[in-house]
There are 2 protein chains.
Amino acid sequence: MNTLDNSLIDKLKEFLTDHQVTTNKTILEQHGKDESYHGSSSPDLVVFPESADEVSAIVKVADEHNTPIIPFGLGTSLEGHIIPYDHGITIDFSLMNKVLEVREKDFLVKVQPGVTRSMLNKELKKYGLFFTVDPGADATLGGMAATNASGTTSVKYGVMRDQVRDLEVVLADGEIIHTGNLAQKSSSGYNLNSLMVGSEGTLGCITELTLKVYGIPEHIVAARASFETVGDAVEAVVSILQAGIPIARVELVDELSMTQVNLFNDTNYREKPTLFLEFHGNEAGLKSDVEFTKEIVSDHRCEEIYFEEDNAARNKLWEARHNLAYAYVHGNPGKKLMVTDVCVPISELAGAIQYARSQVEKLELNGGILGHVGDGNYHVLLMIDMNDAEEVKKADQFNEQIVEYALQRNGTCTGEHGVGVGKMKYQHQEHGRALQVMEKIKLALDPKEILNPHKLVHMKRRNR
Amino acid sequence: MNTLDNSLIDKLKEFLTDHQVTTNKTILEQHGKDESYHGSSSPDLVVFPESADEVSAIVKVADEHNTPIIPFGLGTSLEGHIIPYDHGITIDFSLMNKVLEVREKDFLVKVQPGVTRSMLNKELKKYGLFFTVDPGADATLGGMAATNASGTTSVKYGVMRDQVRDLEVVLADGEIIHTGNLAQKSSSGYNLNSLMVGSEGTLGCITELTLKVYGIPEHIVAARASFETVGDAVEAVVSILQAGIPIARVELVDELSMTQVNLFNDTNYREKPTLFLEFHGNEAGLKSDVEFTKEIVSDHRCEEIYFEEDNAARNKLWEARHNLAYAYVHGNPGKKLMVTDVCVPISELAGAIQYARSQVEKLELNGGILGHVGDGNYHVLLMIDMNDAEEVKKADQFNEQIVEYALQRNGTCTGEHGVGVGKMKYQHQEHGRALQVMEKIKLALDPKEILNPHKLVHMKRRNR
């Protein structure tokens, strides 16, 4: 116990049961790390609230005691977002895991923050609906909103921010607010939905989400297309987008990563730069889109393209792509995964990926490239031995190089993983004077800086 | 001159030419009213900057003199947004009207705030691109961003907020920031794009916008379908949406308004509740969508449906719909237009429109209904004699009734027109404690409240 006194625990136990408050060392440690390479640090205490009122009461106690609060979903973040470097109280939302309401006619669903995307999709399937955002990991929806997650489908359906119609949020003083409403459009007041989405727990704790859902498409076609070079593959995607073909997913997996895919999934796909594609629509429309796509990829030296309309075959294809990060981790025991996450304007993507590939080779790092190329967002998966200071240094240097490249071209240091602690050092360069606006907002809404301190924006160290 | 001293004008003239600063009475009066029924009030001064640096210098002078700043596009707002009730300096952006850059491959365009949507679309046509947001009026893009405008196409392409990739904004202290970047996705820092869009000039002056554009669709089909009742028409739309048919526009025009359409446009459309529809896509896909739509509307007692594939016929159809507000104004000389703007969850729309119709009749008001029904947003166009106190009172009462109805069903008091002065009285009821968050943000970013004071959020009167 570093920062907590016993009176704080006593106060919490006035409204929480013994099972809802723990200082068990194993549980503390579980809440001290995420899926990234960032160093761990345990909270003093983990609480498991069951309602917004309990969250509000917890935050009020923390406020009185000037103690940090860290909201925690499932710990799948990739930039250390949930690591309590200042210790304090981690709020674990796993007991708030109910799908509260499905509003079919409104294409809306109301959920608690601990619901994961697979839990939600299981429930929605009964209604012929689905939730679009798919970051790979089976993250909680609260966590996905906190980091503005996205993934393979955002080229068609948008990112997490585009799905949020309303949030219930507990503020730093324990007040409970709603940031939106259930209407499809609103020009009423400042847009707090979008401010809270991506604020990484630094402005409030999300205790309920109303999210947009979609009808399961009438028809889906998936495809896998391999190319001679990464440049060809990226140029093909640009041409597909310019042709106005409404692709629902388009993922690039490079040569090295295809080898990992084959090893881990027992497939024998061609080990060449490959696009995984998916098209949603009506049958007649898709047929025309597919024909057009074939023409376009062949103009870009596509070596082979396979289409899968069958559900099981399609799932197998996407599973292979989805398992890629795990394939790397599995294939490199003892090493940690460092994933870069820059995003650039599409016109700059081919150059950015070629630059990244050349720097990986120059620095003799071990890393594959995959990308949500329809969005201009790509990842380099680096497997790092954290005990090898030289390797860690080279990986950091690499990350800096590609961020620099992206920012010079009006891109961003993080397309979908968020800032956490890992991307804080780039915030000034990326946002310039706008960073001061962010700091002013943080200060106005959390003057004591108790909400996930030292994440996202650099503030003066708060008084203890 | 109420609030200005001569030293302020002298300071402005240090960096602005005589043509860029005016106290001409006619020009002041032109900047003292918008297209709404709200009372007019003139600024003390109108300035016409040509660059962000000039805007910054103007705001710095205003800051020193504690003088209000009102950003002004073309004055097409509908809730008094640009009326300077505290007088001060109106910044007219009409000289900042250049399309700066078309980034074809990135589907982005960079414009100055005084560019209107028709100017932009004229330029984009050369590239086979178009800008989607269409609020009816040929507003400036700066103004449209300031109010988060939308319109007939938002059911498919989203509202203004969805199009903004980056803004250059001059803050209350004259600092110039960028709120975003050119990448399609970003999880870096608080989302200032969405905060600035819809902030109605109360947080900063927009001096440049980077906006998303789309390829002109391969194929477009428009349709006009008439129904026995408004309820039938709305239910048909709900069914079309549930079927997953990707309509690009769907507008409802009621019986009364169809009469105005015919009178003004010299058409002889059936004077029944009518849907104007539009479909964008590839030819094969649209054929299938159109057939499906025919089936659905016939299930909802559609009396007749006409399709128009020809460009000229399609334009004529939409022109009739677009001219509706002007048709009312034209047909009611001497009266002022009061347009309501509530938006409700789609499942509540049929009930909301029926309620509105019954209240219009009960209060014996003169008003037609039209709506962006795909979004749950509808307008009642009331023609009011502002000299008839009883009629004004009844119109206000009606507005309150339908706002109340919408808020009780988790809707919003304004779907697309914004708050301005007209919707301020509903902000507390709509946002509850979230309004305090908005006030804190306003105070943090504009502590002297010089930016469009007394709009959007109620603040304590600033010190003079």
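Note that this is a predicted model, so its numbers are computed, not measured. Residue numbering restarts at 1 for every chain, and letters A, B, ... go by the order of the sequence lines.
Proximity to chain B is absent for every atom of A:Y214, based on heavy atoms less than 4.5 angstrom apart. Of the two parts of A:L435, neither the backbone nor the side chain holds a non-hydrogen atom closer than 4.5 Å to a non-hydrogen atom of chain B. Heavy-atom distances place the side chain of A:E430, and not its backbone, under 4.5 Å from chain B. Only the side chain of A:R161 comes within contact range of chain B, with at least one heavy atom under 4.5 Å from a heavy atom of that chain.
Interatomic distance, A:R103 CZ to B:E348 CD, rounded to the nearest 0.5 Å: 6.5 Å. Distance check: B:N410 CG to A:D166 CG gives 7.0 Å after rounding to the nearest 0.5 Å. The CD atom of B:E416 sits 11.0 Å away from atom OG of A:S186, with the distance rounded to the nearest 0.5 Å. We find the OG-CG distance between A:S187 and B:L78 to be 11.5 Å, quoted to the nearest 0.5 Å.
For the pair A:L195 and B:N191, the minimum side-chain heavy-atom distance is 4.5 Å or more. Taking 4.5 Å as the limit, every side-chain heavy atom of B:N282 sits out of range of all side-chain heavy atoms of A:F292.
Here the shortest heavy-atom pairing between B:C343 and A:Q184 reads SG-N, 4.2 Å. Counting all heavy atoms, side chain and backbone alike, A:K440 lies closest to B:A444 at CD-O, 3.5 Å. The minimum heavy-atom distance between B:M438 and A:L192, with the atom names listed, is CE-CD1, 4.0 Å. For B:S194 against A:S194, the heavy-atom pair with the smallest separation is CB-CB, 3.3 Å. Pairing each heavy atom of A:Y190 with each of B:K442, the nearest pair is OH-CD, 3.6 Å. Taking every heavy atom of both residues into account, B:E175 and A:Q436 meet most closely at OE2-OE1, 4.5 Å.
Of residues 283-291 of chain B, those residues lying under 4.5 Å from chain A by any heavy-atom pair are B:A284, B:G285, B:S288, B:D289. Contacts of residues 146-153 of chain A with chain B at a heavy-atom distance below 4.5 Å involve A:T147, A:N148, A:S150, A:G151, listed in sequence order.
Put simply, of A:L443, A:T202, A:V169, the one with the most heavy-atom pairs under 4.5 Å next to chain B is A:T202. In terms of non-hydrogen atom pairs under 4.5 Å with chain A, the most contact-rich of B:L445, B:I177, B:D375 is B:D375. With chain A as the partner, the residue from B:L203, B:I176, B:V238 showing the most heavy-atom pairs under 4.5 Å is B:L203. Annotation: maximal heavy-atom pairing with chain B below 4.5 Å, among A:V419, A:L129, A:V197, A:D162, occurs at A:V419. Across B:R165, B:Q427, B:H372, B:R433, the residue that shares the most heavy-atom pairs under 4.5 angstrom with chain A is B:R433. Counting heavy-atom pairs under 4.5 Å between each of A:V437, A:I441, A:L241 and chain B puts A:V437 at the top. Of the residues considered (A:P345, A:G376, A:G215), A:P345 shows the highest number of contacts with chain B, using heavy-atom pairs under 4.5 Å. When each of A:A243, A:S239, A:G180, A:G189 is checked for heavy-atom pairs under 4.5 Å with chain B, A:G189 comes out on top.
With B:K185 as the partner, the side chain to side chain donor-acceptor pair (under 3.5 Å) test is satisfied by one option alone out of A:N377, A:T414, A:D341, A:T412: A:N377. Under the side-chain contact (heavy atoms from CB on, under 4.5 Å) rule, A:S188 has a single partner from B:H431, B:K423, B:H417, which is B:H431.
A donor-acceptor pair under 3.5 Å links the side-chain atoms of B:D106 to the main chain of A:I346, judged by distance alone.
Around atom NE2 of B:H219, more than 12 heavy atoms belonging to other residues, nucleotides or ligands sit under 6.0 Å away.
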